[in-house]
Amino acid sequence: MASLLQIRDALALQGGAQAQQLSQQLATPLPLVEAMLQSLTAMGKVERIELDSSECLSGSCKSCPEGLACKTVIYRLKG
C-alpha cells in the first residue's frame, strides 16, 4: 500500500500522472489512490487537471456519444 508521501513523490518524479498510472506503479487499489489524490488536492499540495476535448488525440470527442468516457484527468504538484 502506498502512502500520501509516495503518491506525492511519484508525481514529483513524473511531473504529472493519472490515478490509474499511480495505482499500477505503486501496486495500490485505484479507489485508495483516488482518495489520497483528493486528500492531497484538498490540502493544496496537488492540482487536478481535466484535459478538454481540444487536447483529445483524435479530435472527435465533442461528437463522440461517449465523449465524457474518454476525458483525461491528470494530477500534478502545485508549484
Side-chain angles (χ1 to χ4, degrees):
M1 292 287 202
S3 68
L4 288 175
L5 291 175
Q6 288 174 306
I7 297 281
R8 187 206 60 195
D9 291 347
L11 288 173
L13 286 173
Q14 297 177 23
Q18 294 179 313
Q20 185 175 2
Q21 292 171 318
L22 293 169
S23 172
Q24 291 173 352
Q25 177 185 344
L26 300 171
T28 303
L30 182 58
L32 180 58
V33 169
E34 290 172 337
M36 288 191 284
L37 287 167
Q38 287 177 355
S39 294
L40 288 167
T41 302
M43 288 188 276
K45 304 291 183 187
V46 170
E47 63 183 332
R48 182 179 192 269
I49 302 165
E50 291 185 21
L51 302 178
D52 63 10
S53 59
S54 65
E55 298 176 49
C56 177
L57 293 177
S58 68
S60 61
C61 288
K62 288 182 181 178
S63 62
C64 176
E66 297 179 24
L68 296 177
C70 64
K71 185 173 249 184
T72 303
V73 177
I74 61 168
Y75 295 86
R76 68 177 181 195
L77 294 182
K78 277 191 168 178

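Of the listed residues (Leu32, Val33, Leu26), just one forms a side chain to side chain contact (heavy atoms under 4.5 Å, CB included) with Met1, and that residue is Leu32.
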Exercise for the section: May I have the step-by-step check of side chain to side chain contact (heavy atoms under 4.5 Å, CB included) for Thr28 and Ile7, ending in yes or no? Expected result: CA-CA 10 Å; Thr28 303; Ile7 297 281; over 6 Å; no
- Query: Checking side chain to side chain contact (heavy atoms under 4.5 Å, CB included) for the pair Leu11/Tyr75: CA distance, chi angles, key distance, verdict?
  - Reply: CA-CA 7 Å; Leu11 288 173; Tyr75 295 86; 4.2 Å; yes
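In the hydrophobic cluster analysis, where Ile, Leu, Val, Met, Phe, Trp and Tyr join through side-chain heavy atoms closer than 4.5 angstrom, Met43 is grouped together with Met36. Put simply, Leu77 and Leu4 are part of the same group of oily side chains (I, L, V, M, F, W, Y) that touch within less than 4.5 Å, one to the next.
Atom CD of Gln21 sits about 11.5 Å away from atom CG of Leu30, to the nearest 0.5 Å. Separating the CZ atom in Arg8 from the OG atom in Ser3 is a distance of 8.5 Å, to the nearest 0.5 Å. Rounded to the nearest 0.5 Å, atoms CD (Glu47) and CZ (Arg76) are 4.0 Å apart. Atom CG of Leu22 is separated from atom CD of Gln6 by 11.0 Å, given to the nearest 0.5 angstrom.
Counting only distance, with no hydrogens or angles, the side chain of Ser23 and the backbone of Ala19 share no donor-acceptor pair below 3.5 Å.
Contact of the Arg48 side chain with the Val73 side chain is registered, since non-hydrogen atoms from C-beta on lie closer than 4.5 Å.
Atom CD of Gln18 has more than 12 neighbouring heavy atoms from other residues, nucleotides or ligands inside a 6.0 Å radius.
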